[in-house]
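Protein chains get the first letters and strands the later ones, always in sequence-line order, with residue 1 at the start of each.
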Amino acid sequence: MYALVDCNNFFVSCERTLDPSLEGKPVVVLSNNDGCVVSRSKEAKDLGIPMAAPAFKYKELFKKHDVKCFSAKFELYNFKSQDVIRISRSYVGKKDYEVYSIDELFLDLRSFKYIDISEYCLKLKEEIKLKTNIPVSIGIAPTKTLCKIANRIVKKDPERFNGVFILDTPEKIEKALKWLNISDVWGIGRRLAVKMHDNGVYKAWDLLQKPEMWVRKIMGIHGVRMVNELKGIRQLELDAPSAKKSIAVTRSFMEMLTKKEDVRERVETFGMYCSERLRKQNTCCKMVTVFVQTNRFRKDLPEYKNAKTQILPNPTNSSILIGRVVNDLFESIFEEGFHYKKAGVIVNDFVPEDQRLISLFEEDTQNQHLPVMKAMDAMNKKYGKDKVRLGSMSGENTWGRAQISPEYEAFLKNNTLPEANFRFH
DNA sequence: TCTGGGGTCCTAGGACCC
DNA sequence: TCTGGGGTCCTAGGACCC
């Protein structure tokens with residue numbers, strides 16, 4: 001059996017650990033620029049606030065029901081996440097877990113043959129609550145996909161199941177699949193849901209009645225695996241932690257930008273952040289992509305978006321070298337006369353810092369830059385983010401964040417924040 | 001007026017090779 | 001003049017996830 005430990009309304013629950021008076025009240029956490037809702041308390045969900053709701057459309061509702069709104073505090077969430085992971089890990093063998101996202105991890109319970117795993121998970125849930133004040137739900141099942149469903153069942157009726165549900169017998173599984181909408185199956189997104197409905201598949205159970213050829217054709221190899229997982233035949237193992245394959249820094253701007261230099265400065269800053277993250281994991285990249293785009297929601301303004309990728313002659317993680325490439329790419333895609341709303345830099349195709357293959361024909365200055373870069377990183381680690389930076393970077397934080405509460409300030413002061421280390425899917 | 005950010009994987013199609 | 005078949009590798013785009 002596997003177990004999926006999933007934090008309830010994670011970001012909101014983190015906010016409540018700083019301010020317990022938020023308990024029982026409607027609370028939401030907003031994305032960058034306070035743009036849209038990314039986490040909702042149960043009370044907020046009950047008010048009909050959907051996931052990813054644009055905040056401005058719900059201003060009135062927030063006011064009317066006194067919904068508490070917070071800007072996202074990722075340092076805090078990463079910190080709490082590490083706490084939850086540490087406790088959960090201690091319940092299983094050394095490698096018998098997979099951190100799936102900031103608020104979820106899978107545990108492998110296959111070695112527990114003679115104990116009541118429901119009881120065991122209940123104990124885990126209570127220890128997490130006691131030590132971190134984060135409420136979690138735990139779904140137990142023979143496959144990862146069924147764990148997701150077990151978890152959904154818990155969340156539907158937390159009191160009844162006391163936070164833990166085990167989906168083990170064929171009878172229980174059948175009942176669950178006949179209850180679960182196909183669009184709520186792990187791996188069925190918006191597009192596939194439409195295709196499913198077009199073909200008369202409304203419940204997870206309906207998918208199992210389709211011939212394998214059909215599934216293969218409509219959903220690809222992914223679908224065949226999904227069907228087996230739903231039947232309780234394990235197709236997905238726990239993944240070992242692995243290095244990132246790409247790093248992206250992208251932002252929407254508070255205000256639309258029209259001046260070339262304003263956009264350039266931000267894009268260059270994104271390039272530096274990418275470089276820093278590369279150095280943190282001791283890798284160099286071989287590819288850099290830059291994109292810019294206007295506000296896609298403003299149909300009254302001319303739309304423009306463009307992206308361009310450059311393959312580097314020599315792998316690098318130098319802010320200076322990546323900065324130059326970013327600038328060249330930016331020059332080739334920027335067009336005057338548009339209102340820019342969003343931009344980003346993405347780096348990928350990584351090699352370890354010490355295993356770079358160097359082109360015979362291109363000058364390679366990476367090794368001259370590296371000591372300076374590492375010194376810069378060390379100082380920034382010691383004295384704070386962006387205390388030392390390149391001339392092309394802006395000195396200001398160019399995206400918005402609401403006022404930092406006294407509780408959060410205290411938190412930042414008292415905690416050395418661990419490096420985030422998640423695999424994203 | 002105001003609409004997030006950061007990931008992974010799969011597939012189809014083109015370029016190129018023998 | 002006519003013409004085949006089978007690979008591999010790379011990339012862009014789509015779909016999904018939290």
Between P of B:dG4 and NZ of A:K342, the distance in whole Å: 7 Å
The residue, A:R225 or A:F11, whose nearest nucleotide of DNA chain B is more 5′ is A:F11
Distance, rounded to the nearest Å, where A:Y100 contributes OH and C:dC16 contributes P: 13 Å
Students often get this wrong, so: under 4.0 angstrom with heavy atoms, is A:L30 touching a base, only sugar-phosphate, or nothing? nothing
Which is true for A:I221 with a 4.0 Å heavy-atom rule: it touches a base, it touches only sugar-phosphate, or it touches nothing? sugar-phosphate
Check this for me: does any side-chain nitrogen of one of A:K144 and A:E98 sit under 4.0 Å from a carboxylate oxygen of the other? yes
Identified side chain to side chain donor-acceptor pair (under 3.5 Å) counterpart of A:K260 within the set A:E335, A:E331, A:E336: A:E331
Listed nucleotide nearest any side-chain atom of A:R277, set C:dC17, C:dT11, B:dG6: B:dG6
At under 4.0 Å between heavy atoms, what does A:V185 touch on the DNA or RNA strands: base, sugar-phosphate, or nothing? sugar-phosphate
Under 4.0 Å: is that the gap between some side-chain N or O of A:R298 and OP1 or OP2 of B:dC2? yes
Separation of A:K341 atom NZ from B:dC2 atom C1', in whole Å? 7 Å
Salt bridge check: are A:D262 and A:R264 linked by an N-O gap of less than 4.0 Å? no
Could you state the CG-C1' distance from A:L236 to B:dC9, rounded to the nearest angstrom? 12 Å
Given C:dC17, is OP1 or OP2 found less than 4.0 Å from the side-chain N or O atoms of A:R191? no
How long is the line joining CG of A:D103 and P of C:dC17, in whole Å? 14 Å
With respect to the side chain of A:L192, which nucleotide from C:dA15, B:dT3, B:dC2 is positioned closest? C:dA15
Do A:K45 and A:N9 pair up side chain to side chain, a donor and an acceptor below 3.5 Å, judged on atom types alone? yes
Which of the following nucleotides, B:dT3, B:dG5, B:dT8, is nearest to the side chain of A:T250? B:dG5
If you check the A:M256 side chain, which of B:dG6, C:dC18, B:dC2 turns out closest? B:dC2
Need to verify one output field. Residue with the more 5' nearest nucleotide on DNA chain B, A:A55 or A:K245? A:A55
Searching all strands shown, indicate the nucleotide that pairs with B:dC18 (Watson-Crick or G-U wobble; both distances under 3.5 Å). C:dG5
Quick one: A:K148 NZ to C:dC18 C1', roughly how many Å, whole number? 8 Å
From NZ of A:K305 over to C1' of C:dG13, roughly how many Å is that when rounded to an integer? 11 Å
Are any of the side-chain nitrogens in A:E229 or A:R225 under 4.0 Å away from the carboxylate oxygens of its partner? no
Specify the separation, in whole Å, of atom OH of A:Y273 and atom C1' of B:dG7. 20 Å
Ignoring backbone atoms, establish whether A:S246 has a side-chain N or O less than 4.0 Å from OP1 or OP2 of B:dG6. no
Can you check whether A:R296's main-chain N or O pairs, donor with acceptor, with A:K341's side chain at less than 3.5 Å? no
With rounding to whole Å, what would you report as the distance between B:dC17 and C:dG4 at their C1' atoms? 14 Å
Which nucleotide wins on minimum distance to the side chain of A:P54, given the candidates B:dC2, B:dG7, B:dT3? B:dT3
Between A:T309 and C:dT11, is there a contact of a side-chain N or O with OP1 or OP2 at under 4.0 Å? no
